[in-house]
Structure formats: C-alpha cells, structure tokens
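These numbers come from the heavy atoms of this one structure, side chains and all, not from hydrogens, waters or symmetry mates.
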Amino acid sequence: MASTGDRSSSIRSDKSPPKDESDEQNIWSDILSEVQTSDTTKLPAGKNIVVLGATEVGKTSLVAKLEGVEDPRKGAGLEYHYIDVQDEYGDDQSRLGVWMMDGDPHHTNLLKYVLTEQTYPNTLVMLVASMSHPWNILESLQNWSTILQDSIDRLRIAPDTLREYQDKIVQHFHQYIEPEENSEADPMTTSRRSAATLTPVESDVVLPLGEGVLTQNIGLPIVVVITKCDYVSNLEKEFDYKDEHLDFIQQHIRKFCLSFGASLFYTSVKDNKNCDLLYKYIVHRLYGLPFKSAACVVEKETIFIPSGWDNEKKIAILYDNMNSIKPDDRYSDVISKPGGIRRPVQKEAEVMSEEDQLFLLKMQTHLNTQVPANVSRQESPASIQKDRATSSPLMPGSSPKLDASKVAAGPGSEGVLANFFNSLLSKKTGSPGSPGSIPKTEKGVRSDVAAELDRMTRGQKSPSLNNSAKVEQNSEN
C-alpha cells in the first residue's frame, strides 16, 4: 500500500503538462507578442492637415496635386479632402485628412470644427501664399497666423498639456540632422530617428535657441508653402525684379518661419516643382516615415528649408547680394504693390496671310488713289535740272558748238559768222592761253566779220542776216 506522500507526488506528476505542450504554449506566446509589437509600428489613424491662405493663391491646385487628382474643383467655406498614405514598404496604408479653409475671412469661425482639443496633437498646419503677388506674401502669412493663434486661444487646453506640445516642437527643432547628399540612409537608423521624432526622449539638457527662433511656439508643426514660383520670370520681365529683390523676399519669409519653427517650400504645380518633396516631408512629420532630402537654397524657384536647419547666420548670407536694399527696410516699402495698369507681356503678333487676288486688288486700289487727278504733276528737281541743261547751250562744259559746214552758204558768207560765234564759245568755256591774249587766227576772223557787217548794213537785209542776228542776240544773252 502506497503512502500518502507517494500518492500526492504521483498526482502532481500526472497533472504537470508534458514537455512538448509547454514548448507549444511558448511558441504561441511568442507569436502573440510579435503581433502586438507589429501593431505598434502600423501607420496611425486620425492625422489631419489644416490648409490656410488667401484666395487665388493656389490652395486647390496644390491639394489636388498632393491627392493625385488631375481635375481639381474649387469649393467654398470649409472643404474636406484626403490623401492615401502608405509606408515605405507598401504593407500598411492610412488616410490623411486635409481640411482646406476658404480665403474669405468671414469663414474663419469654421476652424473651431477642425482644430479641437482632441485633434490638436495630430494636426499639421499649412500656411499658403503666392509668388504671383509678392507684395501680399508677408501680410497674408501674418494675418493667417493671427487667425490661427486666436482659434487656439479659444480652445480649452490645459497649460501643462500645451507646454508638452511646445516642448515636442522645440525638441524636433534641436534634433534635426541633415541627411548626407547622394547617399541612402540606413533603414535601421532612419527608423530609430523617426521613432524619436514621434516619441521624444526625455532629456535634462536643453540647448538654448538662437535669436528669433520659436518666439511664437504654438505647439503645432507648421509648413509655409509659397506657390506659383514659376512666376519669378514674369516678375523679372514685367516689374524689373532683380536677384536682390528675391533675396529680400526670401529673408523676410525665413525670419517668419524661424519665429514659428516652420518649414519653407517654394512650389510650382504648373512645373511640378517640389510637390513630391512636400508630400514626403508631410508624411515624415506626421507618420515618422523616412525623409532623406537635404535643404536647398541655391535655386530661387525651388527653395526648401526644413524645420531645424535655418538660423540667423544662414539668413545673413543673403545680405551680401543686397546693394540698393537694406535688410531692415520695411517689406511694403521695397516690395510695393504696383499702381495703375500692369504692363502687359509683349507677345509676337500673329501674321495672317490673305488670298493673292484680294491682295492684288488692294494694291491696285491703293495705287489709283495715291495721286489724285485734280493735283498737277510736280516735276522733280532732277527733271528740272535736266531741262535746264538741254535748254541752256551756253553753260560751261555742255554748250554745243555751231558746225560751220552745216550752215547753208548764202549771201553774206554766213560761214564766217559761224566761225566767229564758235570762237566766242571756245573762249567762254576756258580756252588755253592767258585771259588777255587774243589768238592770231581770231583777229583775222574778227576783221573779216567787221567788213562783212559793214557791207551788210549798206546793202539790203536778207533772211539769212536776220537768222544770224538772232543767233548773235542769243549768244549775248
């Protein structure tokens, strides 16, 4: 008969599970713990973006680009959109809500339905302005930041809770690490960095902020987007903007971003500039997904400055390019709104060709009406000079000589008179010899002429003498 102790030991041994069953239970517990761990790495739900900006700054086109919609439709009041977000491996997907406020200031009271105590820690604010109207950029950003601050002040958020939100913004600003250019980041390092962004590590050491940094910390991540940056070339052509004007605008915007700890993007939906980069940065800030792009301040149309990169010393580099402008000048004095009608862009006129017959008919009508019939024809100076030359035989160099052989012989020896007049013409045209000397042949001719004239005066006048007299009269004239 077995003792009581032996029976109790045998009972305990029978109730203890076999070794195989214990191993199976450990396997299931490991699987359950892995599932629970994987659930924590999934993309969180309930994230939101609040888009604020004036009218006609490109908010609708920008949100449609982020959504992947090709035909955007503009609404009124408070619009709701969403963006499908996937993780880097495409295994998980979440929906990012986008609330876009109308630019009408009368609709700002609708902001209380979007920004609440519950949605506050999961919200990112996007302030939008347009480069097509650079004189309104700074004023628009200041007005909408004031509206946002007023809406936050009406919320019933505990001071300690709000301070925690503000500390997260400060910690993210301090923990920014610029990625190396043209290099792929280590996935493990990136995930650890992203986890640190979502869950800040408590640290007793708090570094001091630079001058002008986070002076208006509202506890929300802010992204400032300047749209329509393709308009920079038009500003240079129409309003004679120089590089110093663009740098002056940029330094004011960057100082505004520093005061809120905001990021800065220059985008262009038309040219698809920085739109994809903006999407990657938004999901990085809200979901902690990897982000590997460095800051870009070289290209004036694709500026990108992440939160935590900028400071006053980097902004001061822009001052070297300002020759006629001082950095401390008022924004409205330098970038003033143009008065009157804007100078239109010069475009080449389109030339339309017409039919040949119609063109020839117009030319014929033009030629017929060019010289009226009631206006007498005016002789040109060239024709007048030609007529004078032909009608003035005594002009030097062009006066023709009388040919004695062609003169008909008759009573009175007209050939002698012809030789006399030819001698006179030769003398007037500058015959060789001194002015006072008279050739011997000319003296003989003159004596013969005088004798002939005496005989003619004594005799009866003949028609040939009358003709010779007329020739002599013309020569004297």
Side-chain angles (χ1 to χ4, degrees), residues 46-67 72-83 96-159 161-162 165-166 169 214-228 252-253 255-257 259-265 267 269 278 282 285-286 307 331-332 337:
K47 301 291 185 178
N48 296 301
I49 302 176
V50 177
V51 183
L52 304 176
T55 56
E56 303 298 332
V57 296
K59 299 189 302 292
T60 303
S61 300
L62 180 62
V63 172
K65 187 68 175 179
L66 297 176
E67 288 183 275
R73 295 183 180 182
K74 186 176 181 180
L78 182 63
E79 303 179 39
Y80 176 75
H81 304 267
Y82 66 89
I83 301 174
L96 174 61
V98 180
W99 297 92
M100 184 167 57
M101 183 68 63
D102 190 2
D104 190 353
H106 297 288
H107 296 157
T108 56
N109 58 340
L110 299 175
L111 194 59
K112 62 183 179 181
Y113 299 105
V114 178
L115 193 60
T116 62
E117 293 85 352
Q118 292 75 24
T119 61
Y120 200 90
N122 298 318
T123 302
L124 180 143
V125 178
M126 185 185 300
L127 299 179
V128 184
S130 174
M131 187 59 76
S132 61
H133 297 82
W135 43 86
N136 294 333
I137 290 179
L138 191 61
E139 181 182 1
S140 177
L141 294 177
Q142 292 173 350
N143 291 340
W144 284 101
S145 63
T146 303
I147 293 173
L148 179 62
Q149 184 65 58
D150 294 340
S151 179
I152 295 173
D153 294 339
R154 289 191 291 266
L155 297 178
R156 297 179 179 179
I157 301 178
T161 304
L162 183 60
Y165 299 152
Q166 294 174 350
I169 300 299
L214 286 173
T215 56
Q216 303 183 53
N217 188 359
I218 61 176
L220 289 174
I222 298 177
V223 177
V224 175
V225 181
I226 306 300
T227 60
K228 302 181 182 180
H252 273 279
I253 299 176
K255 288 180 179 179
F256 174 85
C257 293
S259 63
F260 286 90
S263 307
L264 176 60
F265 281 85
T267 64
V269 176
L278 176 62
I282 289 174
R285 291 297 303 269
L286 290 176
S307 176
Y331 187 87
S332 58
K337 184 176 181 180

What are the two closest non-hydrogen atoms of [X] and [Y], and how far apart are they?
| X | Y | answer |
| --- | --- | --- |
| Leu141 | Ala129 | CD2-CB, 4.3 Å |
| Thr123 | Leu220 | O-CD2, 3.7 Å |
| Cys257 | Leu264 | SG-CB, 4.0 Å |
| Tyr331 | Trp135 | CE2-O, 4.1 Å |
| Ile218 | Gln166 | C-CG, 4.3 Å |
| Val223 | Leu124 | CG2-CD2, 4.0 Å |

Answer yes or no: is there a donor N or O on one side and an acceptor on the other, between the side chain of [X] and the main chain of [Y], under 3.5 Å?
| X | Y | answer |
| --- | --- | --- |
| Lys59 | Ala54 | yes |
| Ser307 | Ser263 | no |
| Thr119 | Val114 | yes |
| Thr267 | Lys228 | no |
| Ser259 | Gln216 | no |
| Thr161 | Ile157 | no |
| Glu79 | Met100 | no |

Practice item. Could you label the plane-to-plane angle of the Phe256 and Phe260 rings as parallel, tilted or perpendicular, counting under 30° as parallel and over 60° as perpendicular? Key: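 Phe256 and Phe260: tilted rings.
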Practice item. Test Thr55 against Asp102 for side-chain contact (heavy atoms from CB on, under 4.5 Å), laying out the working first. Key: CA-CA 7 Å; Thr55 56; Asp102 190 2; 4.2 Å; yes
Practice item. With side-chain contact (heavy atoms from CB on, under 4.5 Å) as the test, would you mind laying out the steps for Val50 and Met101 before giving the verdict? Key: CA-CA 7 Å; Val50 177; Met101 183 68 63; 5.7 Å; no
**Study point:** Within 6.0 Å of OH in Tyr80, more than 12 heavy atoms from elsewhere
**Key:**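 Result for OH/Tyr80: enclosed.
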**Study point:** Contacts of type salt bridge (Lys or Arg N to Asp or Glu O under 4.0 Å), residue Lys255, not counting sequence neighbours
**Key:**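 Not a single residue meets the salt bridge (Lys or Arg N to Asp or Glu O under 4.0 Å) criterion with Lys255.
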Exercise for review: Sequence neighbours left out, what passes salt bridge (Lys or Arg N to Asp or Glu O under 4.0 Å) with Glu56? Give chain and number order.
Suggested key: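 Testing Glu56 for salt bridge (Lys or Arg N to Asp or Glu O under 4.0 Å), a comparison that skips the adjacent residues, returns Lys74.
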Rounded at 0.5 Å granularity, tell me how far [atom1] in [X] sits from [atom2] in [Y].
| X | Y | atom1 | atom2 | answer |
| --- | --- | --- | --- | --- |
| Asn122 | Ile49 | CG | CD1 | 12.5 Å |
| Leu127 | Asn143 | CG | CG | 11.0 Å |
| Lys112 | Asp150 | NZ | CG | 14.0 Å |
| Leu162 | Glu117 | CG | CD | 11.0 Å |
| Asp153 | Gln149 | CG | CD | 4.5 Å |
| Ile137 | Ser130 | CD1 | OG | 7.0 Å |

Practice item. Only one of Leu52, Val98, Leu62, Val63 passes side-chain contact (heavy atoms from CB on, under 4.5 Å) with Met126; say which it is. Key: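 Of all the options given, the one that passes is Leu62.
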Exercise for review: Please step through side-chain contact (heavy atoms from CB on, under 4.5 Å) for the pair Val128 and Trp144, ending with a clear verdict.
Suggested key: CA-CA 9 Å; Val128 184; Trp144 284 101; over 6 Å; no
Practice item. Kindly indicate whether the side chain of His107, heavy atoms from C-beta on, has any atom under 4.5 Å from the side chain of Leu78. Key: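 A side-chain contact under 4.5 Å is absent here.
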Point to revise | Trp99 and Leu115, any side-chain heavy atoms less than 4.5 Å apart | key: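 No - every pair of side-chain heavy atoms lies 4.5 Å or more apart.
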